[in-house]
Amino acid sequence: MAKRPFNPDRDVAEWHGGSQPYDLLREGFVALIAVAILITSLALLFGSPDEKSVTIRSWARADATDFVTTALGELSGATTSAGYGAPYNHASDGPALGPLHIQRMAGVTIPVDSIQDFVIAPLDSLAAGRSASLTAALLRWHAATSPQRLLWANATVVGALGVSSAPAGDPVPELLSSLSAMATSGALDQSLIAGRGFFSMDYTKPLLFIADGNWFTTLADRQNLLGTQWGMMNETGSYPGQAWLWLYTFWYQIAPFNSSGNADVLVFATMIFLSGLLIFLPFLPGLRSLPRWSKVYRLIWREHYRRTGEASRPRI
Amino acid sequence: MYFETLVGAVFPLTHPGHYFHWHFINVSYGNIVVIVLMVVAFVAALVAPFPGRGRRGGHR
Amino acid sequence: MTTQHDISRQWTTRARHGLLSALPADKLLPDGQPTYVASWIYVFGVATVSALVMVIATGCVLAIYGPTWWHVSSIGHFVNSLHLWSVEVFFFAMIVHLWGKFFMAAWRGGRALTWMTGGVTFLTSIGAGLTGYVSQTNFDAQWIATQAKDGINSTGIGSVFNLLDLGQMLMWHIVLLPLAAVALTGLHVLMVRVKGVVPPFATETEHHHG
């Protein structure tokens, strides 16, 4: 079988030259000690950030108007989670990669009903502790058709001091008022994770609800964590963050990604492609020639080139 | 108590961060420091002299 | 009656022969290295592995008292700081190591798999970092989970990988991804031992004599 021609970017003449004594395990041990000292010093000097988690209770107390507005948005289907699509509901197809709606194709595997899960079911769970007005409001809501419920939700207006106007017979103001009281007491936080029984570490519902509001985004904005602020790279406070994510967040800042409704899947597809280039680099002509063309290796192996011949130069 | 004082950070970086803005680029100074240090470490590793060691002959 | 032929066909015998021929003891734990290994750039590989050891060790300490310990204990907070800076040093060293290996074209001479396992380890580490960030049980975790979920969901992966499910994310972070990272790193290091450190680009003198 004919031997393929030597390609300096793929092949190498194996080394039959000299060797030098080298203590592998000692080097590993020294490196571990040096790195441990470095890490310990950084931890002692700078510590680590710990911004306290928010709760629905803290949200409802800090910005009651935003909480009530968001709850109303859940009832009218106007929030991000209500219109999200898979994996939470069927409200939207989600982003598309060309003709492929991969998000929708993956299916609704984490069902979340914004109206039921965030508003009605928690209020229903109050059972014997309910006020007469809440009981009546829930009865009206459950007896109504979906179009009627939507009419009520769309007709209710929330102002700075709560519901500012609503049509006669609209149970929504009572529902919002009771939900707000439930939120400020802390009971709503528990209700949203207790739905699966005693034990749950799944915070899907409370997190989706909190993220539907503007207050949560305002907190992130103060910490420069928004997407438009290259937030993916950033940490709270002044700590260095995830600098290695620079390229991932970079795409979101430029056209066509920054104005596309499909930005998420487009950026992910771009990064998967680039990751493929990285991993399969040894097989990619041109790209795998860059190290040889750049000649940075002459610095790395200058001692070797000096020793193997005063007049020798890398032939390539 | 002493250990708790010891392990508290000397220079906690919990104050609001400062950011470098240029057109659409927005990078925290914390991240800039890390990136610059990486480049410095890389260049230093390339140019810094490496101590020589005893050699054993090969069979060329 | 068992013959020598039967013994030589045993899985154990064949595995032993295969392993020992690919990686004899003096290749697994050599006492020398080629003379061209003479640059500080070569320390970043072992620095990366050392930082990974620190990441895992500090993570084990955090595991002793659970994922919310560090919010209520100053010692726990210090261990969390060690864990965070271990991750920062790990990525720092790994990326400088990547730059060095790229400029050496370290995939040459049948070393493509060494390069590829390194690349996959890098990507696995990013996943481990993400699951770690969403397991912090603080505001940062809440924000990162609710934002990153959009990217993950857009690929369809979000239908099974729920960033908002702390239980799932924590188990990926402390079980599945560390196992993958350690296995890939181990494979990567063993391959360096099997193939040796990549030789330099050839010189004119060597080319004429070779």
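So that the names make sense, note that chain A is the first sequence line, chain B the second, and so on, each numbered from 1.
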>> Under a 3.5 Å cutoff, is there a donor and acceptor pairing between the side chains of Asp221(A) and Gln229(A)?
In response: yes
> Tell me, side chain or backbone of Ile25(B) under 4.5 Å from chain A's heavy atoms, or both, or neither?
Replying inline: both
> For Phe11(B), is it the side chain, the backbone, both or neither that has a heavy atom under 4.5 Å from a heavy atom of chain A?
Replying inline: both
> If you tally heavy-atom pairs under 4.5 Å against chain A, which of Pro16(B), Pro49(B), Gly17(B), Ala45(B) wins?
Replying inline: Gly17(B)
>> If I measure from the heavy atoms of chain A, does Leu46(B) come under 4.5 Å with its side chain, its backbone, both, or neither?
In response: both
> Will you find, in the side chains of Ser289(A) and Asp9(A), an N or O donor that is under 3.5 Å from an N or O acceptor?
Replying inline: yes
> Is it the side chain or the backbone of Val34(B) that comes within 4.5 Å of chain A heavy atoms, both, or neither?
Replying inline: side chain
>> Using ring pair (Phe, Tyr, Trp, His ring centres under 6.0 Å), reason through Phe216(A) and Phe209(A) one step at a time and then give a plain yes or no.
In response: CA-CA 10 Å; Phe216(A) 191 50; Phe209(A) 192 19; over 10 Å; no
> From Ile300(A) CD1 over to Lys295(A) NZ, what is the distance, rounded to the nearest 0.5 angstrom?
Replying inline: 14.0 Å
> For the side chain of Ser260(A) and the backbone of Pro256(A), is there at least one donor-acceptor N/O pair under 3.5 Å apart?
Replying inline: no
> Looking at Leu299(A), Thr228(A), Asn234(A), which makes the most heavy-atom pairs under 4.5 Å with chain B?
Replying inline: Asn234(A)
> In chain order, what residues pass the side chain to side chain contact (heavy atoms under 4.5 Å, CB included) check against Ile37(A), with sequence neighbours excluded?
Replying inline: Ile33(A), Ser41(A)
>> Heavy-atom pairs under 4.5 Å with chain B - which of Ser238(A), Gly237(A), Ala243(A), Gly47(A) has more of them than the others?
In response: Ser238(A)
>> Given heavy-atom pairs under 4.5 angstrom as the criterion, report whether the side chain, backbone, both or neither of Arg302(A) touches chain B.
In response: side chain
